[in-house]
Amino acid sequence: MLTNAPKGTKDLLPADAYKWQYVEKAFADICERYGFKEIRTPVFEHTELFQRGVGDTTDIVQKEMYTWEQAKRSLTLRPEGTSPVVRAFVEHKLYAEVQPSKMYYNIPCFRYEKPQSGRLRAFHQFGIEIFGTDNQMADAEVIALGHDFIREMGIKDVELRINSIGCPKCRETYREILRDFLAPKYDALCGTCKDRYERNPMRILDCKAPEDQELVKGAPVMLDYICEECQVAFDDLKENLDAYGIEYTVDPGIVRGLDYYTKTAFEFISRNIGAQGTVCGGGRYDHLSEELGGPPIPGVGFGLGIERLLLTMEANGVRIPEPQGADAFIVVMGAEAKKVGLRLMRTLRQEGLKVEMDDMARNVKNQFKYADRTKAIKAIVIGEQELENNQVAIRDMESGEQVLVGMEDILSILKEK
RNA sequence: GUGGGUGUAGUCAAGUGGUUAAGACAACGGGUUGUGGCUCCGUCAUUCGUGGGUUCGAAUCCCAUCAUCCACCCCA
């Protein structure tokens, strides 16, 4: 028990950390190129933020939050990234600055779910948000950034699906139309879909049970019932994506599970990482700020699962460059050589080189063995003979060539390559 | 919350009731304290996730429990 991480959590071990560093750097990089700036918010928030923001009826709020009481306040580990960013935006009145605001983040999130492939209780997301404009330029830019990032990570099998889930007005109208259509078939629906009928009938369209897929044929489609304004916006979005040259398919089955979404909804889906194939998902949320008691601030953004991203990269055979070994490994023989070695190592490290020495008092053979296993590029050998002449031997670990050089020339030789 | 699979060393594993639990890789040490990658030798599970039961005898059969993986639901 003591030596077991809690269910649904994963340690990132030294052998894999470079992969995360790689995608984290690449993500920060592309965000900066697209004009986004980083924002960091706390890991926990007032529980009410998510109840209001994500929505009281959602699965996330009803059964998946890590919530506790402290000093008479109810606090919750963030289950998603958008509401906290909106909260910070309103709290610090960032709407008073130049608009739009374009922000990105790299955060851990927490949901109490049953773990499976691509789903953890403590997981990590990249996210971006654009606040302050309801123009579909913003939606297209968000999608373009997600698309280009996924491509830059070497992923080829991910497909973009877009949809419009309308605004609160047209969505309610549509739900009624859909319920009317399904009412006569209600008894034949599967158990989960009977629940969905009241709570979120749009999900029934996406049910995997073959009987239900049959029942749902010919059902009215949301897209046919969105209002004029939403239709214009959706056409606008498609036009912008076409202009970017980004391919997509319109999928009326894309239904986001958080209440705050309006109009644009999209997902980037992989078929090769198991059932949880959504690598990146997002959309527009024009009423979230107001819902939280702030001024009306339109917004659009996405969340991108880092664990799922890495799974997809692996499935695509992407090779992330492995970190190199030390520029130089200092092999020492004898007490005096050790002292000289330590001093040399410190100097070289201060010069910005990656230098290591044996910490286990190994013999020469095993020092070399260690240098070899850790992929050191050069070995610097210091023994009695070298010390007498104020020299060291520098050995190229790949070719095995070894040359004697004076102490004062070490730095320039190492920096040559 | 529901359903299914799996648990033998750091990793991959053989072993399906009979006394000392194969093997490979890794790790560590050594082959006369001055040289790695190859090679040779050595070390590395009183114990088979844990607890109970059946039996003369259990890693092997039964029960429980825990962990893990996968799927549903839902989402990143």
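Naming: A, B, ... by sequence-line order, numbering from 1 per chain.
For A/Glu113, whose side chain is taken as the heavy atoms from C-beta onward, the closest listed nucleotide among B/rU2, B/rC73, B/rA76 is B/rA76. Among B/rU68, B/rA76, B/rC74, the nucleotide with an atom closest to any side-chain atom of A/Leu258 is B/rA76.
OP1 or OP2 of B/rC73 has at least one side-chain nitrogen or oxygen of A/Arg196 nearer than 4.0 Å.
Ranked by how close their nearest RNA chain B nucleotide is to the 5' end, A/Gly118 and A/Pro6 are led by A/Pro6.
At a cut-off of 3.5 angstrom, the base of B/rC73 holds at least one donor-acceptor pair with the side chain of A/Arg119. For A/Gln62 against B/rC74, no side-chain N or O and base N or O form a donor-acceptor pair under 3.5 Å. The base of B/rC74 sits within donor-acceptor range of the side chain of A/Gln276, with an N or O pair under 3.5 Å.
Between the side chains of A/Asp286 and A/Tyr260, no donor-acceptor pair is found at a separation under 3.5 Å.
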task = Represent RNA chain B in dot-bracket notation, 5' to 3'. Only Watson-Crick or G-U wobble pairs with both distances under 3.5 Å count; pseudoknot-style crossings use [ ] and interstrand partners use |.
result = ((((((((.[[[..)..(....]]].((((.........)))).....[[[[[..)....]]]]])))))))....

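Backbone-only engagement by A/Lys10 is indicated by non-hydrogen atom pairs under 4.0 Å involving sugar-phosphate atoms exclusively. Counting any heavy atom pair closer than 4.0 Å across all strands shown, A/Gly81 reaches no nucleic acid atom. Residue A/Arg111 is in base contact, counting any heavy-atom pair closer than 4.0 Å across all strands shown. Residue contacts shown for A/Ala371 are absent, as no nucleic acid heavy atom lies under 4.0 Å away. Using a 4.0 Å heavy-atom distance criterion, A/Val279 is classed as a sugar-phosphate-only contact. Within 4.0 Å of A/Lys7, counting heavy atoms only, lie sugar-phosphate atoms of the nucleic acid but no base atom.
Rounded to whole Å, the separation between the P atoms of B/rG15 and B/rG36 comes to 40 Å. Nucleotides B/rC41 and B/rG23 place their P atoms 13 Å apart, quoted to the nearest Å.
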remark   = Each nucleotide of nucleotides 34-42 of chain B classed B (base within 4.0 Å of a protein heavy atom), S (only sugar-phosphate) or -, in 5' to 3' order, makes BBBB-----

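Judged as a side-chain contact (heavy atoms from CB on, under 4.5 Å), and not counting sequence neighbours, the contacts of A/Gln391 are A/Asn389, A/Leu404.
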